[in-house]
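Take a look at the structure below.
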Amino acid sequence: MLQETRPLARSSGTWSDAFVAVGAALIAYALFRHRDLSDTQLSIVVVLVVAGVLSTVEYARVNQGIDHPKQCLKVIAERALSQWLDSMLGLALVVLFWWLLDAEYGRSEYKPLREALPLVLPFTAPVVLIATLLAAWRLGPIREGPTPLATFLLSLGRDRRTSELQQAVLALLVRAIFLPLNFCVFVHCISHIRGREAYLLTAAWPGLHAEILTVIYALLIATIIPGYLFSSRLLGTQVRRIDTTILGWAATLACYRPLSLAVFERWLNYHGSSAIPGADRPWVTVTGNWPSILLTVGTAIIALEFVHLWAEASFGLRASNLSNRGIITHGPYKWCKHPIYLSKCLGWILIYLPFASATVSESIRATLLFAGVCGLYAVRSYAEERLLASDPDYVEYALWMDGHGLFSWVSRLFHGLSFRARLARWQGDATVAAHDTCSG
């Protein structure tokens, strides 16, 4: 009964954050889309507006009631310069990573990244310096994390805190990999939408459907890019822990380019080579002779993508793969621990209809391959939960979901699939029992 009476864990952020982020992106785009800006420049403006609005909201929320610690100017300066130097070293390593992997990042699809760097980099150092000075003055040691890169450099390599260095390098690797992927896709979406806004009012179904999905996807990316741009203890969005497991990294990277080209288009290609983005997807062909079903399926796909947008945008400045930057328990996460993966898989099965292929054997083959895709995302969710299981807030949340979530019936019917059972394997039965006693 303790599980039934346990309250829902407190969430980082509030339910309104997702709507604030989406609103900021829409307003910024509407205000600047007719300006003399390239698509890359417009994308930067939209991202910065979203980041600015969310930062203002987070700052007011997480620092409410915190008194200024008494510090001399020397202590403030030393603390700020250490954090600033660590950030600049990290930035240099990220840029070096992109430069070294020119075979990948020199490709045409990463052109927006190369256009953005000279526009953004000159302002990065002074902006980060101001932010670190403000954090040092406002917070002192509150929420202060290590500066392993700066410490390693200033000690001439003698201070080797292996765990801290590993976490710092992996955090930079997450940013180096996923920031350009998201930003370049966002610029592509902006390029597609810009100047075609009137088409949304005149297009016929299912052409309108494809345009709506592009808009949703653009908004989704606009709300998560700021999370990859920076983390800040001033905003309470600092990285708490990075996944260090091969399983977690392999399952995540398999879902993104360039590895996803092999995984989804060769090994687990459940939709066939004839399925292309837009209105020519299988759901249109299969349901095209029944207008009411065509409208219903298309509407369901859009609804699922809205859930996807809502779930992604709920993270705001905490958005990041393979990382714990605060636990979200509001919005769609109140019903499902992994609404992003669930909405993705349900959306794909409606878009590509693998079970409705041309022949029975092809339908069976495509369905089994689609099950493999769902299995990959199940592995990702498992790896993420194992990472987050070290956070008491997530343990509270996941145990509550065992009894109250949308899929709590699975936990009741199959105890081995519950979070409680996984936690017992990861941390030991004694730990779980002690946790329940304290919660009661």
Nearest heavy-atom neighbours spanning Gly347 and Leu304
N-CD1, 3.5 Å
Any Lys/Arg nitrogen of Glu384 or Lys337 sitting under 4.0 Å from an Asp/Glu carboxylate oxygen of the other?
no
Are side-chain N/O atoms of Ser232 and Thr237 paired as donor and acceptor at under 3.5 Å?
no
Run the numbers on Trp283 and His209 for side-chain contact (heavy atoms from CB on, under 4.5 Å), then give the verdict.
CA-CA 12 Å; Trp283 74 275; His209 183 274; 3.5 Å; yes
With a sphere of 6.0 Å drawn around CZ of Arg257, does it hold more than 12 non-hydrogen atoms of other residues, nucleotides or ligands?
no
For Tyr217 and Cys189, which heavy atoms make the closest approach, and how far apart are they?
CD2-SG, 4.1 Å
Please list all pairs meeting salt bridge (charged side-chain N to carboxylate O under 4.0 Å, His left out) that have one or both residues in residues 35-49, counting only residues at least two apart or in different chains.
Asp39-Arg194
Hey, could you give me the CG/CD1 distance between Leu309 and Ile216, rounded to the nearest 0.5 Å?
7.0 Å
Think Arg107 forms a cation-pi with Tyr110, using NZ or CZ under 6.0 Å from the six-ring centre and within 45 degrees of its axis?
no
Let's go through Tyr59 and Gln64 carefully: what are the C-alpha distance in whole Å and the side-chain angles of both, what is the deciding distance for side-chain hydrogen bond (donor to acceptor under 3.5 Å, both in side chains) to 0.1 Å, and is it a yes or a no?
CA-CA 8 Å; Tyr59 179 84; Gln64 187 176 13; over 6 Å; no
Close aromatic pair by centroid cut-off 6.0 Å: Trp348 and Tyr341
no
In terms of heavy-atom contacts, does NE2 of His308 have more than 12 from other residues, nucleotides or ligands at under 6.0 Å?
yes
Without placing hydrogens or testing angles, list every side-chain donor-acceptor pair under 3.5 Å for residues 241-250, not counting sequence neighbours.
from   : atom 1 : to     : atom 2 : distance (Å)
Arg241 : NH1    : Ser390 : OG     : 2.8
Asp243 : OD1    : Thr245 : N      : 2.8
Asp243 : OD1    : Thr245 : OG1    : 2.8
Asp243 : OD2    : Thr245 : OG1    : 3.4
Thr245 : OG1    : Gly248 : N      : 3.1
Trp249 : NE1    : Asp243 : O      : 2.7

Check this for me: Trp15, atom CH2, are more than 12 non-hydrogen atoms of other residues, nucleotides or ligands nearer than 6.0 Å?
no
Does a side-chain N-to-carboxylate-O contact under 4.0 Å join Lys344 and Glu312?
no
Ion pair Asp393/Arg10, N-O distance below 4.0 Å
no
So, Phe355 versus Tyr270, ring centres under 6.0 angstrom or not?
no
Whether over 12 other heavy atoms sit under 6.0 Å from Tyr394 OH:
yes
Is there a side-chain contact between Arg318 and Glu58 (heavy atoms, below 4.5 Å)?
yes
Find out whether Leu139 and Arg233 are in side-chain contact, i.e. whether some heavy atom of one side chain is under 4.5 Å from a heavy atom of the other.
yes
Can you confirm whether more than 12 heavy atoms, excluding those of Phe306, are under 6.0 Å from its CZ atom?
no
Side-chain contact, heavy-atom cut-off 4.5 Å: Leu91 with Leu121?
yes
Describe, in one word, how the ring planes of Trp98 and Tyr105 are oriented to each other, choosing from parallel (under 30°), tilted (30 to 60°) and perpendicular (over 60°).
tilted
Parallel, tilted or perpendicular for Trp426 and Phe419, by the 30°/60° rule?
perpendicular
